[in-house]
Amino acid sequence: MSTLATKTYNPQEIEPKWQKVWEEQQIYRTEDEEEGKPRFYALEMFPYPSGRLHMGHMRVYSIGDVISRFKRMNGYQVLHPMGWDAFGLPAENAAIQRGIHPRKWTLENIQHMKEQQKRLGVSYDWEREIATCLPDYYKFTQELFLLFYERGLAYRKKAAVNWCPSCTTVLANEQVEDGKCWRCDSEVTKKELEQWFFKITDYAERLLQDLEKLDGWPERVKTMQRNWIGKSTGAEVVFAIPEIGETVSVFTTRPDTLYGVTCLVLAPEHPLVPRLVKGKDTEAEVLAFVEQMRRESEIARTSADAEKVGMFTGAYAEHPLTGERIPIWIANYVLVDYGTGAVMVVPAHDERDFQFAKKYQLPIKVVIQNPERTLVAEEMAEAYVDDGVMVNSGPFDGLSSREGIKAVSQHLAELGKGGPAVSYRIRDWLISRQRYWGCPIPIVYCDRCGIVPVPKEQLPVLLPDDVVFDGKSNPLTTSELFVHTTCPRCQGPARRETDTMDTFIDSSWYFYRYTSAKDTERPFDPEKVKKWLPVDKYIGGIEHAVLHLLYARFFTKVLYDAGLVDHTEPFKSLLTQGMVIKDGAKMSKSKGNVVSPDEIVEKYGADTGRLFILFAAPPDRDLEWSDSGVEGCHRFLNRVWRLVEEHVHLFGAERPAPQVQDEASKALYRLTHATIKKVTDDIELRYHFNTAISAIMELVNGIQERKAVADSGTLAFAIETLLLLLAPFAPHITEELWHRIGHQESIHRQSWPKYDPAALEVDEVEIAVQINGKLRTKLTVPAKADKGEVEQLVLADDRVRTYIEGKTVRKVIVVPGKLVNVVVG
RNA sequence: GCCGAAGUGGCGGAAUUGGCAGACGCGCACGACUCAAAAUCGUGUGGUCUUUGACCAUGUGGGUUCGACUCCCACCUUCGGCACCA
């Protein structure tokens, strides 16, 4: 001991020191060969290597690290890896603006951010590090693309797709927020392009159903996914169009209103439109209208308060049940890519249809009668959209709406004119990107063979270096070497696909790669995946609720169907951490309210920063940054340091055993065990690190209070326990102090302390005494006293007697160990 | 409009199963130490009043209960998602 002189807490010295030791001794390496130990996969969403860490990163890593360290100390074999979501636009923009190659820019950023992470003292197994932009990773992204292709889940189609003019690339629906690009906020326009899609719609139902299984997910996220998938049940109704010998289908959630149809409306882009107007007077006008609609932005067309604009095509359909002639219109408010791109208009019972009918003087026909107040078509000021009783509906008259929905659907099915149907809001995932810094799509186009996938053995299709970054066109198209290739099938000349994949594909399977990051033969080792997956605790921001988290679930289901994984959901439990707020706004460069992890580490040390972040709020809530709060946490660590330093002498060659004879020692001993229980439960059951830390603070306060009077064994026990409990939160200071009190082995290899239930027992408890529900006094009673005895003691108390004097005691409620309520009147 | 989450001191937050509202920390005030300051330590700190005590307090108004921050009903506010989705 004498070699370690008393000194002050100096995080700048001890933090790098221990980080080096941990790295050299590889104490966080995951040995998955070790059998018989329970496993735990703790995962934080891997970052985009933008250049530097921000507080949001520090927060998510701090949370993940506490969980990992806690689980390790509790005897788990923990997988806690880190990697880089390393493809993406900013790298390419840097290339355009500053002439740095995206690869160089990205790898340098990774290097820098990795060092920042190491300074935080996070316990990663760096052996498993991955970066999605490296060929040994994206080779397998390509292999998985081929798997999707083989299974018919990757296909090409021409469609009006979202185009971000600023990023000069297309975007998936999930990546358009309020009509704007999710990354750069520019207004998204529509472009007619032939693009690659993943058939996520095939999985819509399972993605929806399986949300039920995800008990460990926040309700909020599940709701967002449900909304996004947007399932509606109803019926498909087929209308014949005799004049062109075609049919048109509509989807409706209200087949019970079918007799009220007074017109059909097709989306302007509906494929039948040109044929409907061909040769008619309306042709020129209608086609011009269609053109105009195509040009209008999505936001203008789909915002709820936009005016409904339509036009009669001159064509008629036949009502499937009555044979009536139904005029066919086109209108802006009907979307081509939802349902069938056509709707039946029932003005009396749908608000939009009502407005449309009023504007264009279409007939209104009541077919659902309001049981409360009889509806008269001519007098209606708005649509009646509630349930009611069917009228004017032929054989269905008298049925309720609910019954009618079933009966009409059934009837349509029997006639072969439709039937029960389901529609989803979710669209297929557009995965093509006209950009360089992404994973090349392993496809070639051959004049003779058509679309040919690159055989697995020829992967990876490498990103070429002879490209031009001019910010105008996709750089990949500028590489002669890349574009011109030979067809893998016929060896003839062929052209490579120059689109790269959406980077959300890279991140849809990375959590599998960590289990076998160095496997050169396959994306992952199914045996190892079986051991580790699903992820036990996944931690990240809410912003990925319907992006990454939906895509990753989709991938897992496809891999399951392909027999590559044995589970259908990748993330058993999800922790969505809140934002970091300062002065009422999210920390951001533009607001100028940024505090960087680096400056906190330099000024106070990583331990202080971590402790503050975990203490200031529960992980799922927004965290209000407070400089004085950070100071407070730093003061606390200083107090811990001094407390331990003052008592180093207790930890000599032979440790004193706790005596626990006097009252102070008993109290301290009990507090120590109570703190173990509290901290353990808070971490393990609730993930409420703020209250765990406050309990540790209370333990420190309790030790301070009794350090002069408690026996040295009890004191030593309390101090040692304190360090163990604090270790997951503040790994450096606890490691240093652990060694300073004479231990040789790392504190992070110790077992988590166990509390002794017997130690929590007390002889006497203080209970609250209420008279008629109001707190009047407190009383100390023997802990073992039964309800009757407690009641006697309370009723005999002088203060209680002054309240019940002259009144009748009607009832006495005794909550053992807590409270007594005397009801008088 | 529909769905979801939340609303508690000057501030961040606590109260885990319906049982002492405000733990812990910040801030503030006073005191000790000091020539002084910083640091540190100690004490106090929801509000009101007629202050050894009582009353009022968990967004608002009702309700259930011996007892409600917690459960029920209605409403208000904030945040988030979806929204002309047929």
Side-chain angles (χ1 to χ4, degrees), chain A residues 8 177 218-232 234 237 250-254 257 265 267 301-308 331-335 337-346 350-353 355-356 423-427 542-543 545-546 578-579 581 611-612 615-618 620-633 635-636 638-639 642 678 681-682 685-686 688 690-698 700-701 704 766-778 810-825:
Chain A
T8 51
E177 295 163 354
E219 206 44 54
R220 191 158 61 127
V221 177
K222 290 193 275 187
T223 304
M224 282 161 77
Q225 293 211 355
R226 273 187 207 111
N227 284 343
W228 187 263
I229 295 167
K231 179 179 181 176
S232 316
V237 187
V250 303
F251 173 75
T252 177
T253 54
R254 293 292 302 275
T257 66
V265 180
R301 248 186 78 184
T302 60
S303 79
D305 36 51
E307 211 192 326
K308 291 176 179 37
N332 61 343
Y333 75 99
V334 178
L335 307 172
D337 50 3
Y338 180 76
T340 61
V343 301
M344 60 184 216
V345 171
V346 185
D350 181 282
E351 198 45 48
R352 291 154 305 176
D353 295 350
Q355 287 173 26
F356 191 72
S423 188
Y424 299 91
R425 206 189 72 97
I426 192 172
R427 318 281 159 79
I542 187 84
E543 65 272 17
V546 281
M579 289 185 296
I581 303 285
L611 196 69
F612 169 72
F615 178 60
D620 54 349
R621 266 211 245 174
D622 285 351
L623 182 155
E624 176 78 32
W625 188 267
S626 149
D627 291 326
S628 45
V630 178
E631 296 267 4
C633 287
R635 270 202 292 273
F636 169 72
N638 262 302
R639 264 201 299 278
R642 285 196 304 271
K678 169 78 178 154
D681 289 350
D682 279 353
L685 307 177
R686 304 202 305 151
H688 277 202
N690 55 333
T691 49
I693 292 167
S694 78
I696 296 172
M697 288 172 169
E698 285 179 81
V700 170
N701 294 345
Q704 292 286 9
E766 191 186 54
I767 57 163
V769 179
Q770 295 180 337
I771 312 292
N772 286 343
K774 282 197 195 310
L775 179 70
R776 293 303 180 189
T777 184
K778 290 178 181 186
R810 302 197 183 277
K811 208 175 189 181
V812 179
I813 288 128
V814 180
V815 182
K818 291 206 167 153
L819 158 152
V820 173
N821 188 12
V822 183
V823 184
V824 296

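Throughout, protein chains are lettered first and strands after them, A, B, ... in sequence-line order, and every chain is numbered starting at 1.
- Among the heavy atoms of the strands, none lies under 4.0 Å from A:Gly230.
- Shown here are the side chain to side chain donor-acceptor pair (under 3.5 Å) partners of A:Arg352, two or more places apart in sequence or in another chain: A:Asp350.
- For A:Ser232, taking side-chain heavy atoms from C-beta onward, the closest of the listed nucleotides B:C24, B:G13, B:A86 is B:A86.
- Per the geometry, CH2 belonging to A:Trp625 stands 15 Å off P belonging to B:C26, to the nearest Å.
- Residue-level contact check: A:Glu766 touches the bases, meaning some heavy atom is under 4.0 Å from a base atom.
- Each of B:G12, B:G81, B:A86 was ranked by its minimum atom distance to the side chain of A:Thr252; first place goes to B:A86.
- Contact detail for A:Ala616 and A:Leu623: the closest heavy-atom pair is CB-CG, 4.1 Å.
- The side-chain contact (heavy atoms from CB on, under 4.5 Å) test with A:Thr223 singles out one residue from A:Glu219, A:Gln225, A:Arg220, and that residue is A:Glu219.
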Using a cut-off of under 3.5 Å, enumerate the N/O to N/O pairs linking the protein to nucleotides 66-69 of chain B.
from, atom 1, to, atom 2, distance (Å)
B:C66, OP1, A:Lys811, NZ, 3.4
B:C66, O2', A:Asn821, ND2, 3.2
B:C66, O2, A:Asn821, ND2, 2.6

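- Comparing A:Gln225 and A:Lys778 by the nucleotide of RNA chain B that holds the closest heavy atom to each, the one mapping nearer the 5' end is A:Lys778.
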Contacts under 3.5 Å, N or O only, protein and nucleotides 47-54 of chain B:
from, atom 1, to, atom 2, distance (Å)
B:A54, OP1, A:Tyr803, OH, 2.3

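- You'll find that the side chain of A:Met697 is closest to B:G25, out of B:G25, B:C84, B:C85.
- Following rounding to the nearest Å, A:Arg226 (CZ) and B:A83 (C1') show an atom-to-atom distance of 18 Å.
- Look at CZ on A:Arg686: it is 13 Å from C1' on B:U17, rounded to the nearest Å.
- In this model, the phosphate group of B:A23 is not approached by any side-chain N or O of A:Asn701 to a distance below 4.0 Å at OP1 or OP2.
- Residue contacts for A:Pro618: at a heavy-atom cut-off of 4.0 Å it reaches the sugar-phosphate backbone alone, with no base atom in range.
- B:U58 shows a glycosidic angle more than 90° from 0 and is accordingly assigned anti.
- Between the CG atom of A:Asp337 and the C1' atom of B:C84 there is a distance of 14 Å, rounded to whole Å.
- Among residues two or more places apart in sequence or in another chain, the side-chain contact (heavy atoms from CB on, under 4.5 Å) test is passed with A:Ser232 by A:Phe251, A:Thr253, A:Tyr338.
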Legend entry - Nucleotide pairing, RNA chain B (Watson-Crick or G-U, distances under 3.5 Å), in dot-bracket with [ ] and |: (((((((..(((......[....)))((((((.......))))))((((...))))..(((((..]....))))))))))))....
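- Between B:U70 and B:U52, the distance separating the two P atoms is 33 Å to the nearest Å.
- Distance, A:Phe251 CZ to B:C85 P: 12 Å, rounded to whole Å.
- A heavy-atom distance below 4.5 Å is not found between the side chains of A:Gln770 and A:Ile813.
- Judged purely by atom type and a 3.5 angstrom limit, A:Arg427 uses its side chain to pair as donor or acceptor with the backbone of A:Asp337.
- Nucleotide B:G81 holds its C1' atom 5 Å from the CE atom of A:Met224, rounded to whole Å.
- Checked against the 6.0 Å centroid criterion, the rings of A:Tyr333 and A:Phe356 qualify as a close aromatic pair.
- With sequence neighbours excluded, no residue forms a side-chain contact (heavy atoms from CB on, under 4.5 Å) with A:Asn701.
- Only the C1' atoms considered, B:U64 is 30 Å distant from B:G13, to the nearest whole Å.
- Not counting sequence neighbours, the partners of A:Lys678 by the side chain to side chain donor-acceptor pair (under 3.5 Å) test are A:Asp682.
- For the salt bridge (charged side-chain N to carboxylate O under 4.0 Å, His left out) test, residues two or more places apart in sequence or in another chain that qualify with A:Arg254 are A:Asp256.
- Among the heavy atoms of the strands lying under 4.0 Å from A:Lys774 are primed sugar atoms or P, OP1, OP2 only; no base atom is included.
- Looking at the side chain of A:Glu624, the nearest of the listed nucleotides B:C20, B:G12, B:C85 is B:G12.
- Among the protein residues, A:Asp622 comes within range of the sugar-phosphate backbone only, with heavy atoms under 4.0 Å from sugar or phosphate atoms but none that close to a base.
- With its glycosidic angle within 90° of 0, B:G9 is assigned syn.
- The nearest pair of heavy atoms linking A:Ser423 to A:Gly339 is OG-CA, 3.6 Å.
- The residue A:Lys678 sits close to a base: some heavy atom pair falls under 4.0 Å.
- Residue A:Tyr333 contributes atom OH, which lies 16 Å from atom C1' of B:A83 at whole-angstrom precision.
- The distance from atom CD of A:Glu631 to atom P of B:A38 is 14 Å, rounded to the nearest whole Å.
- Residues satisfying the side-chain contact (heavy atoms from CB on, under 4.5 Å) criterion with A:Glu624, sequence neighbours excluded, are A:Ile581.
- A sub-4.0 Å separation between OP1 or OP2 of B:A39 and a side-chain N or O of A:Arg642 is absent.
- Interatomic distance, A:Ile542 CD1 to A:Met579 CE, rounded to the nearest 0.5 Å: 10.5 Å.
- Looking at residues two or more places apart in sequence or on another chain, you find a side-chain contact (heavy atoms from CB on, under 4.5 Å) between A:Pro618 and A:Asp620, A:Arg621, A:His688, A:Asn690.
- Of all nucleotides listed (B:C24, B:A86, B:A14), B:C24 comes nearest to the side chain of A:Glu698.
- Nearer the 5' end of RNA chain B, as judged by each residue's closest nucleotide, is the contact made by A:His688, out of A:Phe615 and A:His688.
- A:Asn772 is listed as a side-chain neighbour of A:Val824, based on a closest heavy-atom distance under 4.5 Å.
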Legend entry - Contact letters for nucleotides 1-10 of chain B, in which S counts primed atoms plus P, OP1 and OP2 and B counts the base, heavy atoms under 4.0 Å: --SS------
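- Closest to the side chain of A:Arg425, from the set B:A21, B:A23, B:A83, is B:A83.
- Listed pair A:Ser423 / B:C85 fails the phosphate criterion, with no side-chain N or O lying under 4.0 Å from OP1 or OP2.
- Of the candidates B:C84, B:U16, B:C41, the closest approach to any side-chain atom of A:Arg352 belongs to B:C84.
- Closest heavy-atom contact between A:Ala545 and A:Val221: CB-CG1, 4.0 Å.
- Partners of A:Trp625 under the ring pair (Phe, Tyr, Trp, His ring centres under 6.0 Å) rule, at least two apart in sequence or in another chain, are A:Phe612.
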